[in-house]
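Encoded as C-alpha cells, the structure appears first; notes follow it.
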Amino acid sequence: MLLLARYALMLTAVLVLAVYVPMLFDASFGERDKKTHMFYSPVLKKFIWRELVVGTPPEGEIEDVHHAQYVQMDQDGNRYTRRDFETMLPFIYYKNMDVWGLLPLELEGQVFDKEVMRDERQVMELKPRQIAGRSPGDGVHPLIESVPDRAGLVFPEERFRLDQAMSFINADFNVLDREKSIAYTQALSEEGFVFPGRLVAGKPTILKPFDEGVFLVDHAGAVFHVKQVEGEPWVVRTPIDPAIGVRHIKISENSRRDFYGLLLTNDDKIFVISYDNYELIPLPVDNYDPDRMDFKLIVNPLYRTAVYSDDTVIRAVAMDSEYTPIDSYEHVMAGATPTLAEQVFSYIVPFRVDMSDPNTGYAVLRVTTFGVNSLIAIGMALAAFVAVALRTRAKGRMLALDGVLVAFSGIYGLLAMILAPRENVCP
Amino acid sequence: MLKALLLKEFVKLRAFWIVALVFNMCMLGYVYITMNGLFRLDHAEVVWYRVIHLGQLYYSSLTYVPAVTGLFIAAVQFFPEMRNQRFRISLHLPIAPHLIVMGHVFVGFLAVAVILIIDLAGLGLMTHTRFPGEVVARALTTAAPWMLAGLSTYLGATLVLLEPTWKIRMLNFAVAAGMTGLFLRGGVPGAYGPILPILCAALLIYTPSVLLPAYRFRYRRV
C-alpha cells in the first residue's frame with residue numbers, strides 16, 4: 001500500500017513536471033513568430049520571403065533596425081530592406097505603395113491603381129484546426145437571408161442543425177420552428193439530399209459583403225448549395241462528384257465572385273469551388289498534409305500563389321490567373337532550426353508533455369521526445385541516480401523501482417524522488 | 001468500526017457541507033442572472049452567435065468555484081484533525097491505517113463530488129432553458145474539467161494538510177497546485193472533451209498519494 005502511495009505521488013509529480021518545466025522554458029526562451037512568410041513577387045517573378053533571424057546575423061545583413069530580428073530575401077539569395085521587400089509585393093502592400101507615391105503601377109503591360117489592387121486581391125487560409133472535427137464545432141448554424149430588404153446582412157432568428165432533417169431552432173423561444181424545418185427538409189429531399197447530413201459549411205457572420213448561404217454534404221457525399229432567398233429555401237444540387245470524398249469546405253464571400261471557397265478531400269487534395277457552375281479547380285500542391293500544414297491561397301490581379309507549411313518546410317506554387325502552375329519553390333524555414341537554448345534543453349529533459357497543439361482546437365496531452373538527445377538526458381539522470389545510490393549504499397526493491405522510473409522519466413523522476421524520499425518512508 | 005468512522009466524518013462535515021452547497025447555489029444563481037442578462041441586453045440570435053460562435057462564457061464565474069469548494073471541504077475536514085495531532089488517535093484504531101485514511105478521503109471526496117454534480121446539473125438545466133442541446137453539451141464539456149479541478153484541489157489540500165514536515169509540505173503543495181492547474185488551462189469552450197478520460201485516469205492515479213503523508217504522520221517520520 002505504501003509503495004502504491006509513493007509511486008502514485010511520484011507519477012503525478014512526473015506528469016506535473018513534464019507539463020510545467022517545458023512551459024516555463026518556452027516562457028523564458030521562446031521565440032517570436034517562427035514561421036516564414038513566403039510570396040511570389042509579380043515584380044521579380046521570383047519567390048520572396050521574410051523570416052526570423054536565428055542566432056547572430058552575419059555582419060551587415062540587418063539594415064532595418066526597427067525589425068532587426070527579421071530578414072527579407074528572395075530565392076536567389078538577394079536580401080532586401082523592409083521597404084524594398086514591400087515594393088516587390090505591390091498588391092499586398094498597396095497602401096504603403098500609395099503612401100510612397102508609387103501608384104499607379106505598370107506591370108506586364110497593365111496599369112494598376114489603388115482601387116483595382118484593393119478590389120482584385122483575395123486571401124484564403126485553411127489551418128488544420130479549422131478543418132471539421134479538429135476543433136469543437138458550433139453544432140447549430142445560421143442561415144442568413146441572402147437578399148435582405150435592407151443595406152446590410154441581418155442575423156436570422158433561427159439556427160439550424162443538420163441530422164435526420166434540417167431543423168431550425170428559434171432563438172427567441174428556444175423551440176423548433178416546425179414550418180421552416182419542414183420547408184427546408186422537403187426542399188432538400190426534392191433535390192435528392194440523403195439524410196443524415198455530414199457537413200455544414202458557411203461563414204456564420206454578418207460581417208461580409210454579401211451572403212452565399214451554406215454548402216451541405218449529404219450522407220452519400222453529394223454537395224448541396226442552400227440559401228434563404230426572400231424567406232424561401234433555395235437549393236441547388238451541385239455537380240460536384242460525390243465520389244470525390246469531401247472532408248471539409250471553407251466558404252468566404254468575396255466581391256470578386258471568382259470562387260466560393262476551398263474544398264478539401266479525404267485524400268488531401270484541395271480545390272477552389274468556382275462560381276462557374278461549381279467547377280472544382282485543383283490546386284497543384286504536392287506533399288500537402290492538411291492535418292499538419294497551414295494553407296494559404298493568395299490572389300492578385302496577375303497571379304495565384306498557394307503557400308503551405310508545417311513546422312519545418314514552407315512550399316509555394318505560383319499559378320497564372322487560370323490556376324496553371326508556372327513556378328514552385330521549397331524552403332527550409334530558418335525558424336525551424338533549434339536555438340541554442342532549445343538544444344541544451346533537449347539534453348536535460350527526456351520529453352515534454354504539451355496540453356495545446358496549434359493544429360487542433362482541442363486540448364491534448366501530447367508527449368514529444370527529442371530522439372537521441374532524450375536518451376542522453378535519460379543516461380545522465382540514470383548516472384546521477386546510480387552515483388547517489390552507490391554513495392548512500394542504498395539497496396532493495398524500491399531502489400530498483402526508482403531506477404525504472406528514472407529510466408523512463410529522466411530528470412523528472414529524479415526530482416520526484418526528492419518529493420518522496422525512500423528513507424523517509426516507513427517499512 | 002469503519003462504518004462508525006464514516007459516520008463520524010459525515011456528522012463532522014454535515015454543517016460545512018451545507019455552507020459549501022449554499023455558496024455553490026449562490027454562484028449558480030449569479031450565473032443564471034448573468035445568462036438572462038445577456039438576453040435582456042441583446043437580441044436572442046445575437047446572444048446565440050456570441051455564445052455559440054465566438055465562445056462567450058456566461059458561466060466563467062464558475063471556473064474556480066469547484067476548486068474553492070474542494071479546498072474548503074479538505075480544510076474543514078483535516079485542519080481539526082491535525083490540530084494537536086488528533087488524527088494520530090484515529091490512526092491507532094485497530095484497523096489498517098490505509099482504510100482509516102481512505103475512509104476519511106472517501107467521505108470528503110463524496111461530499112465535494114455531490115456538490116459538483118449539482119453544479120453541473122444546474123448549469124445544464126439553466127443552459128437548456130435558453131439554448132439548444134448542442135450548447136448544453138458544450139457547456140458541460142467546458143465545465144467538466146473545472147469540476148475535476150475541484151476534486152484535484154480536495155486531494156491536493158489533503159496531501160498538504162496531512163504532511164507533517166514543512167519542507168515536503170511545500171513540495172506537495174507545488175505538485176498539488178500543478179495538478180489542479182492541468183484542469184484549468186482554458187482553451188476554446190469544449191476543448192477538454194477528448195482528454196477528459198485521460199485526466200480522470202490521472203486523477204485516479206493521484207488519489208492513493210494522500211496515504212503517503214498519512215503514513216509519515218502515523219509513524220512519526222518527521
Side-chain angles (χ1 to χ4, degrees), chain A residues 1-17 19-20 23 129 135-142 154-161 167 169-176 204-206 353 355-356 360-366 415-416 418-421 423-427, chain B residues 43-49 52-53 55 96-98 128-135 137-138 141-142 145 159 165 168 171-172 174-179 181-182 185-195 198-199 202 205-216 218-222:
Chain A
M1 198 51 74
L2 194 73
L3 217 60
L4 175 74
R6 182 165 176 262
Y7 287 106
L9 184 59
M10 284 167 71
L11 283 175
T12 305
V14 166
L15 172 68
V16 168
L17 286 166
V19 171
Y20 288 97
M23 207 185 279
R129 63 188 306 152
S135 287
D138 288 355
V140 280
H141 316 266
V154 187
F155 261 122
E157 282 163 18
E158 310 86 13
R159 278 188 170 242
F160 72 89
R161 72 166 66 96
S167 316
I169 307 129
N170 182 291
D172 285 327
F173 307 104
N174 193 25
V175 291
L176 189 75
T205 172
I206 51 171
V353 176
M355 289 197 69
S356 61
T360 165
Y362 287 112
V364 293
L365 277 167
R366 193 189 55 196
L415 290 172
I418 298 173
L419 192 70
E423 57 272 24
N424 274 3
V425 175
C426 58
Chain B
H43 289 289
E45 62 271 22
V46 176
V47 178
W48 278 27
Y49 168 68
I52 294 171
H53 191 65
H98 68 263
H128 181 66
T129 62
R130 286 292 199 170
F131 294 97
E134 287 82 354
V135 181
R138 204 158 163 193
T141 319
T142 307
L159 189 71
T165 66
I168 295 194
L171 293 174
N172 282 352
V175 173
M179 185 66 179
L182 299 187
R185 300 275 311 139
V188 296
Y192 269 74
I195 62 163
I198 308 172
L199 288 176
I205 292 172
Y206 180 37
T207 306
S209 62
V210 294
L211 286 172
L212 194 66
Y215 273 106
R216 287 164 46 71
R218 163 72 174 79
Y219 295 101
R220 293 177 188 273
R221 293 278 166 170
V222 181

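In the text below, chain A, chain B and the rest are named by the order of the sequence lines, each starting its count at 1. Only heavy atoms go into these numbers, but all of them, side chains included; no hydrogens, no water, no symmetry mates.
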Interatomic spacing from [atom1] in [X] to [atom2] in [Y] - rounded to 0.5 Å:
X        : Y        : atom1 : atom2 : value
B:Ile52  : A:Arg159 : CD1   : CZ    : 4.5 Å
A:Asp138 : B:Arg138 : CG    : CZ    : 6.0 Å
B:Arg185 : A:Met355 : CZ    : CE    : 7.0 Å
B:Glu134 : A:Ile169 : CD    : CD1   : 6.0 Å
B:Ile205 : A:Leu4   : CD1   : CG    : 10.0 Å
B:Trp48  : A:Asn170 : CH2   : CG    : 7.0 Å

With only heavy atoms counted, which part of [X] is less than 4.5 Å from chain A, the side chain, the backbone, both or neither?
X        : answer
B:His128 : backbone
B:Pro97  : neither
B:Phe131 : backbone
B:Thr141 : neither

Exercise. Walk me through it: do B:Asn172 and A:Leu9 pass the test side chain to side chain contact (heavy atoms under 4.5 Å, CB included)?
Key: CA-CA 9 Å; B:Asn172 282 352; A:Leu9 184 59; 3.8 Å; yes
Please classify the contact of [X] with chain B as side chain, backbone, both or neither, using a heavy-atom distance under 4.5 Å.
X        : value
A:Tyr20  : side chain
A:Leu419 : both
A:Pro142 : neither
A:Leu15  : side chain
A:Val140 : both
A:Leu17  : neither

Self-check item: Steps toward side chain to side chain contact (heavy atoms under 4.5 Å, CB included) verdict (B:Glu45, A:Asp172)
Solution: CA-CA 7 Å; B:Glu45 62 271 22; A:Asp172 285 327; 4.2 Å; yes
Self-check item: Residues, nucleotides or ligands: over 12 heavy atoms within 6.0 Å of A:Met1 CE
Solution: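 12 or below, so no.
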Quiz item: Closest heavy-atom contact between B:Val188 and A:Gly361?
Solution: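 Nearest heavy atoms, B:Val188 then A:Gly361: CG2-O, 3.4 Å.
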